[in-house]
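Chain A is the first sequence line, chain B the second, and so forth, proteins listed ahead of strands; every chain is numbered from 1. Side chains included, hydrogens not; waters and symmetry mates left out as well; all remaining heavy atoms used. The model shown is predicted, which means the values in this text are computed figures rather than measured ones.
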2 protein chains.
Amino acid sequence: MLKLSKKAEYAFMATIYLASHSGNEYPTAKEIADNYKIPFQLVAKILQNLAKNNIVISFQGVKGGYKLNKNPDEISLIDIIKAVETNYKLTECMLEGGDTSNCTLVDCCKIRDPLVEIQRKIDIMFQETSLKQIL
Amino acid sequence: MLKLSKKAEYAFMATIYLASHSGNEYPTAKEIADNYKIPFQLVAKILQNLAKNNIVISFQGVKGGYKLNKNPDEISLIDIIKAVETNYKLTECMLEGGDTSNCTLVDCCKIRDPLVEIQRKIDIMFQETSLKQIL
DNA sequence: TTAAATAAGACTTAAATGGTCGGACATAAC
DNA sequence: GTTATGTCCGACCATTTAAGTCTTATTTAA
Ligand code: SF4
Ligand code: SF4
């Protein structure tokens with residue numbers, strides 16, 4: 001429990017790589033996968049997620065690849081996490097918008113409020129850490 | 001990802017219940033399970049874990065049950081979490097003792113150090129929150 | 001002796017994660 | 001225009017982990 005998914009780890013690695021290789025040529029998914037010895041297909045998919053969320057910009061075709069869409073100090077870790085992770089939440093009842101419909105215990109559950117508070121603190125922590133800080 | 005396990009949630013519920021029902025009779029696993037409408041066998045096992053870790057004291061036989069071993073303000077959430085959860089860690093490489101042998105990427109991984117720091121902050125947050133605070 | 005409780009471990013099922021595959025699309029270079 | 005090299009995207013499979021169940025043994029008040 002409380003484990004960060006590989007997706008998130010790989011997303012950190014990929015964005016760190018992009019931040020450190022901003023030359024003329026755009027780094028490719030293959031290049032990143034080789035560099036970190038992680039599965040190519042997976043990194044590719046993660047970069048697509050990051051692109052959808054405007055964290056990176058993708059270039060298709062020959063000489064294609066990726067680059068960061070903002071400066072590393074303008075990208076917070078929570079953006080990266082939320083881009084790749086569908087289940088970023090401490091408990092079932094903490095979907096965005098405070099949807100509590102997916103837990104039958106919600107009526108008699110006393111622990112939700114304190115957990116919401118803890119979730120908020122964790123969020124803030126990731127929010128306040130920028131990509132630049134982990135380069 | 002970053003999800004708290006049901007085990008941990010149930011452990012919070014159980015300890016909260018014990019903290020709120022400290023009469024002459026010891027609350028039983030069945031009683032707690034019924035009260036929160038959660039699986040009896042599961043709560044029982046969790047209480048056993050808590051007992052092993054000296055967070056609760058168990059009494060066997062008829063009129064048996066459980067009670068807290070300390071005052072609610074002396075029990076921190078991290079104690080409860082660690083009692084029931086074997087995999088409390090942000091990444092594979094963060095087992096107690098800093099064992100990095102289970103990740104082949106550890107040599108070239110740049111994200112470990114910052115993640116260790118984040119893990120530390122999360123730990124502190126749970127450490128600093130006592131059971132009393134979530135009653 | 002019996003009933004009501006915990007203790008413990010094996011087992012099954014369900015869900016989430018991690019990883020793969022195949023085909024479509026885009027584009028620079030020849 | 002053809003080709004090589006890249007992204008895009010959904011469906012799929014495999015593995016692991018979490019969640020829950022079952023069974024038997026043990027303890028103890030009445
Ligand atoms: S049991 Fe409580 S904290 Fe857990 S998911 Fe349900 S409402 Fe949320
Ligand atoms: S990739 Fe890095 S952070 Fe993730 S488990 Fe391996 S060493 Fe730890």
Side-chain angles (χ1 to χ4, degrees), chain A residues 1-11 13-14 18 24-34 36-53 56-67 81 83-92 102-105, chain B residues 1-11 13-14 18 24-34 36-53 56-67 81 83-92 102-105:
Chain A
M1 50 145 311
L2 264 179
K3 195 157 83 187
L4 210 60
S5 69
K6 289 284 179 192
K7 268 193 197 174
E9 281 194 45
Y10 295 164
M13 293 177 183
L18 293 180
N24 276 349
E25 304 231 316
Y26 301 127
T28 69
K30 184 84 173 51
E31 184 181 337
I32 294 170
D34 287 349
Y36 290 103
K37 299 194 182 68
I38 53 185
F40 160 68
Q41 303 270 15
L42 208 40
V43 179
K45 195 177 296 184
I46 285 162
L47 283 162
Q48 286 163 30
N49 287 335
L50 293 171
K52 268 188 196 164
N53 289 273
V56 304
I57 299 178
S58 69
F59 300 93
Q60 283 182 274
V62 180
K63 296 273 175 189
Y66 300 88
K67 73 163 194 175
I81 289 173
V84 298
E85 192 53 56
T86 50
N87 283 329
Y88 173 68
K89 57 186 176 188
L90 220 48
T91 63
E92 282 306 311
N102 44 357
C103 180
T104 55
L105 308 177
Chain B
M1 50 146 309
L2 265 179
K3 196 155 83 187
L4 210 60
S5 70
K6 291 283 179 193
K7 269 194 199 175
E9 280 194 45
Y10 296 163
M13 293 177 184
L18 292 180
N24 277 349
E25 306 230 315
Y26 301 126
T28 68
K30 183 84 174 49
E31 184 180 338
I32 294 170
D34 287 349
Y36 290 104
K37 300 193 182 68
I38 53 185
F40 160 69
Q41 303 271 14
L42 209 40
V43 180
K45 194 175 298 184
I46 286 162
L47 283 162
Q48 285 164 31
N49 287 336
L50 293 170
K52 270 187 195 165
N53 287 273
V56 305
I57 298 178
S58 69
F59 301 93
Q60 283 181 276
V62 181
K63 294 276 175 188
Y66 299 89
K67 74 163 193 175
I81 290 174
V84 298
E85 192 54 55
T86 49
N87 283 329
Y88 173 68
K89 58 186 175 186
L90 219 49
T91 62
E92 282 305 310
N102 44 358
C103 181
T104 53
L105 309 177

Is the phosphate of C:dA5 approached by B:Tyr66 (side-chain N or O, under 4.0 Å from OP1 or OP2)? no

Taking the minimum atom-to-atom distance to the side chain of A:Asn87, which one of D:dA30, C:dT17, D:dT7 wins? C:dT17

What's the CD-C1' distance between B:Gln60 and D:dT27, to the nearest Å? 5 Å

What's the CG-C1' distance between B:Leu42 and C:dT6, to the nearest Å? 16 Å

Rounded distance (Å) that lies between atom P of D:dA18 and atom CD1 of B:Ile46: 13 Å

Give a yes or no on whether a donor-acceptor pair under 3.5 Å exists between the nucleobase atoms of C:dT6, that is its base, and the side chain of B:Lys30. no

Just how far, in rounded Å, is P of C:dT6 from NZ of B:Lys67? 16 Å

From B:Ile57 CD1 over to B:Leu18 CG, what is the distance, rounded to the nearest 0.5 angstrom? 11.0 Å

From OH of A:Tyr36 over to C1' of C:dG18, roughly how many Å is that when rounded to an integer? 20 Å

Could you go step by step and tell me if B:Leu2 and A:Asn87 meet the side-chain contact (heavy atoms from CB on, under 4.5 Å) rule? CA-CA 8 Å; B:Leu2 265 179; A:Asn87 283 329; over 6 Å; no

Along DNA chain C (nearest heavy atom to each residue), the more 5'-positioned of A:Ser5 and A:Gly61: A:Ser5

So, B:Glu85 versus B:Ser5: side-chain donor-acceptor pair below 3.5 Å or not? yes

Closest to the A:Val62 side chain: C:dA29, C:dT27, D:dT7? C:dT27

Could you tell me whether A:Lys3 contacts a base, only the sugar-phosphate backbone, or nothing, with contacts defined as non-hydrogen atoms closer than 4.0 Å? nothing

Between C:dA8, C:dG18, D:dC8, which nucleotide gets closest to the side-chain atoms of A:Gln48? D:dC8

Please work out if B:Ala51 contacts a base, only the sugar-phosphate, or nothing of the nucleic acid, heavy-atom cut-off 4.0 Å. nothing

Counting only side-chain nitrogens and oxygens, does B:Asn49 get under 4.0 Å of the OP1 or OP2 atom of C:dA8? no

Looking at B:Tyr36 and B:Met13, would you say the former's side chain and the latter's main chain have a donor-acceptor pair under 3.5 Å? yes

According to a strict under-4.0 Å criterion, is B:Ser58 in side-chain N/O contact with OP1 or OP2 of C:dA7? yes

Between atom CD of B:Gln48 and atom CG of B:Asn53, what is the distance when rounded to the nearest 0.5 Å? 12.5 Å

Residue A:Glu92, side-chain heavy atoms: nucleotide from C:dG22, D:dG20, C:dA16 that is nearest: C:dA16

Looking at the side chain of B:Lys6, which of C:dT17, D:dT7, D:dA19 is the nearest nucleotide? D:dA19

Is a donor-acceptor pair below 3.5 Å formed from side chain A:Lys45 to base D:dT7, judging by atom type as modelled? no

Atom CD of A:Gln41 and atom C1' of D:dT7: how far apart are they, to the nearest Å? 12 Å

Please figure out whether A:Ala44 or B:Pro39 has its closest DNA chain D nucleotide nearer the 5' end. A:Ala44

Got a salt bridge between B:Lys3 and A:Glu92, using NZ or NE/NH1/NH2 to carboxylate O under 4.0 Å? yes

If I take atom CZ in residue B:Phe59 and atom C1' in nucleotide C:dA5, what distance separates them, rounded to the nearest angstrom? 13 Å

Could you give the CG-to-C1' distance, from A:Leu50 to D:dT7, as a whole number of Å? 14 Å

With a 4.0 Å cut-off on heavy atoms, is B:Tyr10 in touch with a base, just the backbone sugar-phosphate, or nothing at all? sugar-phosphate

